Amino acid sequence: MAELNADDLDKVSKDVPIFIVNQSGHIGYVNHKALELAGVTDQTPNPAGGGIFVKDAKGKLTGKLVEPPSYLPFMAKMPAPTESQLIGAIQGTLKKMASTGVTTASEMSVGGNFGVDKEVAIYKSIFAKNASPIRVRGYLFSESMPTGKTSIKPNEGDDQLRFIGIKYISDGSTQGLTAALNAPYNYPKDSKWSGALNFKDAEIYASMKSFFDQGWQLSTHANGDKAIDQTLSSYSKLLAGNPNPQDRRLRMEHFTVNNEAQVKQAAKLGVVPSFTIGHVDYWGAAFNNHIIGADRAKRIDPAGDFKRAGGKFTLHSDTPVSNVGPLNYVSEEVTRLWQLPPQKVLGPDQAVTVDDAIRAITIDAAYQLFADNIVGSLEVGKQADLVILAKNPRTTSPAEIRNIKVIGTYVDGKPIVLK
């Protein structure tokens, strides 16, 4: 099936501007009216940060947009939501997370939509009114700030709301064919395309160093093995000479297409990756049969290799890419079954035990967020964040763990009222 383009969307309306974002978040589509209102023409240069206004062989805009920087001219023309609407949307999302058993959430792109100062202020307002059911750890979106410049300090906040890191997006989406790979995609057949990095090596390293030296934790979205190479290179330079590199707990989001050497290097550096384990469930068949082929697909989300290398890892949904649900993640990681019939196990060597998967969503997730001193396990002196389940996941068939009902979610020992 062909991708959407401006001509397709013109069939819906030539008078109303249309802007659609692919579920990956890395690709957008607009009609000609939207291009006109945004002032984007065939001569408009691509924006910094990996954004692309896609053109055809004749140099004409197709209406396809790649990477969020290319969305900005269109977002600038959209009616901005009110602060009360934003607060309501955030609270609704946090309540939904709590209903699945989440007690602490990561906001990985603070400032990505409305600027760092505005979004930080909104979160502070919510927590000042005790209006969040769960804890939040925030990461400031790197492209929303001048290099090295922030309006807040590393670790500003408290046990409920704390801003701890800077987030980079080094490449795109694997299923969207925009992640940066070292070898071409398998789709379409005989493709020469291998995606692209969003930053030059020197550019992203310089930016990272400016924040790393201030004491910020770093988190880098890296789906493709080329992006993983770039990230590990930058992290290696930043950690050079540090006798305890694990103290910085540098993160890498997704770590999708990878090789064993990258896993070993990451574990040695103390890098803690977070795997979008829904890649296996939702897109495993597509990765295996079409997008990257069986050899590369079997290694996506390499939890097994990280465990063998002595490293820590966590699991996440990358919502809205896949649904939030810690019990989903456990089922997906332990079984590694793709959902498209006939179901198959994708990379059995990368599966881990139920206990390993539970650890990835509890104490190791807390470690990744510098919160393992207060949450992540039930111990004397820690805050009583816990979830009551209808069944014991350790005695439930791994494929059925995702269907266990969450009876109650508690933060600081107090039940969360979700109505």
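In this text the structure is predicted, and so the values were computed from the model without any measurement.
For the 3.5 Å distance criterion, the side chains of Gln265 and Ser236 qualify, holding a donor opposite an acceptor. No side-chain donor-acceptor contact under 3.5 Å links His254 and Ser274. Looking at Gln217 and Tyr139, their side chains do bring a donor and an acceptor atom within 3.5 Å of each other. In summary, the side chains of Ser151 and Asp117 do present a donor paired with an acceptor at a separation below 3.5 Å, with no hydrogens or angles considered. Side chains of Ser377 and Lys382: a donor-acceptor N/O pair is present below 3.5 angstrom, by distance only. Remark: the Ser24 side chain and the Asn22 side chain contain an N/O donor-acceptor pair separated by less than 3.5 Å. Residues His221 and Asp171 bring a donor and an acceptor atom of their side chains to less than 3.5 Å of each other. A donor-acceptor contact closer than 3.5 angstrom is absent between the side chains of Thr319 and Ser317.
Heavy-atom minimum distance, Ala357 versus Val334: CB-CG2, 3.9 Å. Across all non-hydrogen atoms, the minimal contact from Tyr185 to Gly195 is CE1-N, 3.8 Å. Closest non-hydrogen pair, Ile18 versus Leu9, comes out as CD1-O, 3.5 Å. Considering every non-hydrogen atom in both Ala183 and Ser194, the closest pair reads O-CB, 3.8 Å. Heavy atoms only, all atoms of each residue included: Thr62 and Lys55 are closest at CG2-C, 3.7 Å. Between Asp301 and Ile277, the shortest heavy-atom distance links the atoms OD2-CA, 3.7 Å.
Without hydrogens or angle criteria, Gln368 side chain to Val272 main chain gives a donor-acceptor distance under 3.5 Å. Between the side chain of Ser233 and the backbone N or O of Asp229 there is no donor-acceptor pair closer than 3.5 Å. Side chain of Ser142 to backbone of Lys167: a donor-acceptor contact under 3.5 angstrom is found. Counting only distance, with no hydrogens or angles, the side chain of Tyr168 and the backbone of Met208 share a donor-acceptor pair below 3.5 Å.
You'll find the side chain of Gln246 reaches within 4.5 Å of the side chain of Tyr367, heavy atoms only. Within the 4.5 Å cutoff, the side chain of Lys312 has no heavy atoms near those of the Phe306 side chain. Under the 4.5 Å side-chain criterion, counting only non-hydrogen atoms from C-beta, Ile164 is in contact with Leu369. Between Phe141 and Ile169, the closest side-chain pair of non-hydrogen atoms falls below 4.5 Å. For the pair Thr276/His316, a side-chain contact is recorded, criterion being any heavy-atom separation below 4.5 Å from C-beta on. Within the 4.5 Å cutoff, no side-chain heavy atoms of Pro47 are placed close to those of Leu72. Inter-residue side-chain proximity for Arg336 and Asp349 is flagged as unmet; no heavy-atom pair is nearer than 4.5 Å. Contact of the Pro69 side chain with the Glu143 side chain is registered, since non-hydrogen atoms from C-beta on lie closer than 4.5 Å.
Within the model, atoms CG of Asn323 and CZ of Arg402 stand 9.0 Å from one another, a figure rounded to the nearest 0.5 Å. A distance of 9.0 Å separates CZ of Phe163 from CD of Glu107, quoted to the nearest 0.5 Å. Atoms CZ and OG1, from Phe199 and Thr220 in turn, are 9.0 Å apart once rounded to the nearest 0.5 Å. Rounding to the nearest 0.5 Å places CG of Leu161 at 11.0 Å from OG of Ser125. Going from atom CD of Glu67 over to atom CG of Asn46 covers 11.5 Å, rounded to the nearest 0.5 Å. Taking CZ from Phe114 and CD1 from Ile122, the interatomic distance works out to 7.5 Å, rounded to the nearest 0.5 Å.
For the side chain to side chain contact (heavy atoms under 4.5 Å, CB included) test with Thr409, the passing option among Leu386, Ile416, Thr100 is Ile416; the others fail. A side chain to side chain contact (heavy atoms under 4.5 Å, CB included) with Thr104 is found for one member of Val411, Ile134, Asp385 and no other, namely Asp385. Under the side chain to side chain donor-acceptor pair (under 3.5 Å) test applied with Arg135, the options Asp159, Thr103, Asp158, Asp412 reduce to a single match, Asp412.
Within a 6.0 Å sphere centred on NZ of Lys64, heavy atoms belonging to other residues, nucleotides or ligands number more than 12. Other residues, nucleotides and ligands contribute more than 12 heavy atoms inside 6.0 Å of the NZ atom of Lys118.
Taking the six-membered ring for Trp and thresholds of 30 and 60 degrees, Tyr71 and Phe19 have ring planes more than 60 degrees apart, a perpendicular arrangement.
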Q: Test Arg296 against Asn186 for side chain to side chain contact (heavy atoms under 4.5 Å, CB included), laying out the working first.
A: CA-CA 10 Å; Arg296 287 184 288 183; Asn186 285 32; 2.9 Å; yes
(Q) Working note: Asn258 + Val263, criterion side chain to side chain contact (heavy atoms under 4.5 Å, CB included); need CA distance, chi angles, decisive distance, verdict. (A) CA-CA 8 Å; Asn258 66 88; Val263 171; 3.9 Å; yes
Q: Walk me through it: do Leu250 and Phe212 pass the test side chain to side chain contact (heavy atoms under 4.5 Å, CB included)?
A: CA-CA 10 Å; Leu250 300 184; Phe212 179 87; 4.2 Å; yes
(Q) As a quick check of understanding, evaluate side chain to side chain contact (heavy atoms under 4.5 Å, CB included) for Ser106 and Arg251, giving each step before the final call. (A) CA-CA 12 Å; Ser106 298; Arg251 296 182 60 154; 3.9 Å; yes
**Q.** Audit row: Ser219, Glu253, side chain to side chain donor-acceptor pair (under 3.5 Å) steps and yes/no
**A.** CA-CA 7 Å; Ser219 167; Glu253 312 311 314; 2.7 Å; yes
**Q.** Intermediate values then yes/no, salt bridge (Lys or Arg N to Asp or Glu O under 4.0 Å), Glu260 and Arg308
**A.** CA-CA 11 Å; Glu260 188 174 358; Arg308 288 185 283 272; over 6 Å; no
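For the pair Lys124 and Glu156, the salt-bridge criterion is met [side-chain N within less than 4.0 Å of a carboxylate O]. Using a cut-off of 4.0 Å between Lys/Arg side-chain N and Asp/Glu carboxylate O, Asp305 and Arg299 are scored as salt-bridged.
Geometrically, Arg249 engages Phe370 in a cation-pi contact, judged by NZ or CZ lying under 6.0 Å from the ring centre and within 45° of the ring axis.
Taking the six-membered ring for Trp and the full ring otherwise, Phe313 and Phe255 have centroids separated by 6.0 Å or more.
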